[in-house]
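One structure is given below, encoded as structure tokens.
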Amino acid sequence: MKSYNFDTVILGGGPAGMSAGLYAARGAVSAAIIDLTMFGGQPSNYLELENYPGFDKIGGYDLMEKFENQADKFGIQKFPMQEIVSIDLKNKKIVTREAEFFAKSIIIATGAQPMKLGIPGEKEYVGRGVSYCAVCDAAFYKDKVVAVVGGGNSAVEEAMYLTKFASKVYLIHRRNELRADKIIQERAFKNPKIEFVWDTVVREIKGDSLVNSLVVENVKTCASDLLNVNGIFPYIGIVPNAEQFSGQLAQDAKGFIVTDEKMQTSVEGVFAVGDVRTTPLRQVITAAADGAVAAVYAVKYVETLKDIPQKV
Ligand code: NAP
């Protein structure tokens, strides 16, 4: 097994991790980013962003490629496809299936993943009518009927994207008011292919070899109904990719990692950035800003270690 030593090891190569990598490498410490898959994180699957400053509109994949190219320029070392087998945050040791990494500081940028509905049929029909990525799978639903669940920015934006392919999109929300930003809501209300199903939750996903219907329930009247659809896209929020750290640092009730304003976690020399941490806003720009802050303080932390006499 290969063994590496770095001043800073960043876990996760989305916008927070890439930005941290850029700042750490530019701050003249030796820095590496390791990722479970390839780099780019969640935004790589976003069709388009129109709220990243400096770009009127840019594809998520294109933006993340720019992040990566810029970090490369400053000499970040990248290790894709690294499944973490064990991690010791206090002693800054990370073991993956292929290598072990010893660090002086760690920046956790592992992001978050879609929250599951947790209803019968959901697990069984993943890839056969249940999808968590409209951009990846929308084309399979040309002239078909699909449902999106949720009322946040993701649900509404993805519902609009799906209307490019599907003949009809039900947007099923548990309340009668959306959570999404007003500008996004207004666009969705004008879209004739979207039918809003208010005050409703999905109780079961049904089908044969593929999804063909949903059992839905109106939460006000408790009336049940069967909605014929070919696909369902749950967008009901996110859960942090932080399970592997639990018990080693402070997390909030939902498992997000708690940091101070310098992105420092409860473990000295360990920082957390982006969607994985407790934060009031989860955007590419806030993730990138977190990464910059954490890297600056990780570099400072590594410098302080040089002044401490090492045990022989
Ligand atoms: P979100 O804003 O947390 O919205 C989740 C939605 O799902 C809410 O409407 C919620 O209902 C509903 N929900 C939660 N649990 C549910 C359940 N068990 N059953 C049914 N419905 C449920 O999540 P998100 O839309 O994934 O966005 C996550 C973050 O990314 C947010 O900060 C968002 O602003 C950001 N984002 C931004 C953009 C953009 O700016 N362009 C795009 C995508 C995402 P309630 O409303 O009743 O709570």
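Just follow the structure's listing: the first ligand is 1, and inside any ligand the first atom is 1.
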With distance as the sole test, does K116 use its side chain to make a donor-acceptor pair with the main-chain N or O of P114 at under 3.5 Å?
yes
Nearest heavy atom to atom 27 (O) of ligand 1, choosing from G118, S154, G152, belongs to S154
Looking only at protein heavy atoms, what sits closest to atom 37 (C) of ligand 1 is Q283 NE2, 2.9 Å
Atom 9 (O) of ligand 1 sits nearest the protein heavy atom G151 N, 3.0 Å
For atom 1 (P) of ligand 1, the closest protein heavy atom turns out to be R179 CD, 4.1 Å
shortest atom 23 (O) of ligand 1-to-protein heavy-atom contact is with G237 CA, 3.5 Å
After noting the C-alpha distance and the side-chain angles of M263 and I107, does the key distance pass the side chain to side chain contact (heavy atoms under 4.5 Å, CB included) rule?
-> CA-CA 9 Å; M263 309 300 145; I107 299 177; over 6 Å; no
Going by the 4.0 angstrom heavy-atom rule, the piece of E157 near ligand 1 is side chain
Determine yes or no for a side-chain-to-main-chain donor-acceptor pair under 3.5 angstrom, with S154 supplying the side chain and G152 the backbone.
no
Check: H173 near ligand 1, heavy-atom distance under 4.0 Å?
Finding: yes
Partner of Y301 under side-chain hydrogen bond (donor to acceptor under 3.5 Å, both in side chains), picked from E268, Q264, K262, is E268
Do any nitrogen or oxygen atoms of I184 come within less than 3.5 Å of a nitrogen or oxygen of ligand 1?
-> no
Ligand 1 atoms nearer than 4.0 angstrom to some heavy atom of G150 are 7 (O)
Show me the donor-acceptor pairs within less than 3.5 Å that the side chains of residues 281-292 make with the rest of the protein, sequence neighbours left out.
| unit_1 | atom_1 | unit_2 | atom_2 | d |
| --- | --- | --- | --- | --- |
| R282 | NE | D275 | O | 3.1 |
| R282 | NH2 | R277 | O | 2.7 |
| Q283 | OE1 | N51 | ND2 | 3.0 |
| T286 | OG1 | L281 | O | 3.1 |
| T286 | OG1 | Q283 | N | 2.9 |
| T286 | OG1 | Q283 | O | 2.9 |
| D290 | OD1 | R277 | NH2 | 3.3 |
| D290 | OD2 | G274 | N | 2.9 |
| D290 | OD2 | R277 | NE | 2.7 |

When distances are taken from atom 31 (C) of ligand 1, the protein heavy atom at minimum range is R282 O, 4.5 Å
Please check if the side chain of D181 supplies one atom and the backbone of I184 the other of a donor-acceptor pair under 3.5 Å.
no
Would the distance check show the side chain of R174 and the main-chain N or O of G150 forming a donor-acceptor pair, the cut-off being under 3.5 Å? no
Of all protein heavy atoms, the one nearest atom 16 (C) of ligand 1 is R174 NH1, 3.3 Å
By side chain to side chain donor-acceptor pair (under 3.5 Å), R179 pairs with (sequence neighbours left out) none
| query | Any side-chain donor paired with an acceptor under 3.5 Å for S213 and N228? | reply | no
Atom 34 (O) of ligand 1: of N153, V149, I172, T286, the nearest heavy atom sits on N153
- Query: Is the NZ or CZ atom of K193 both under 6.0 Å from the centre of the six-membered ring of F165 and within 45° of that ring's axis?
  - Reply: no
Within the 4.0 Å heavy-atom cut-off, what N51 brings close to ligand 1 is side chain
Open item on the list: Under 4.0 Å and counting heavy atoms only, is there anything from the protein next to atom 42 (C) of ligand 1?
Closed with: yes
Of all protein heavy atoms, the one nearest atom 46 (O) of ligand 1 is R175 NH2, 2.8 Å
Of all protein heavy atoms, the one nearest atom 7 (O) of ligand 1 is I236 CA, 3.2 Å
Original post:
Heavy atom of V201 under 4.0 Å from ligand 1?
Top reply: no
(request) For S266 and A250, indicate whether the former's side chain and the latter's backbone hold a donor-acceptor pair under 3.5 Å. (result) yes
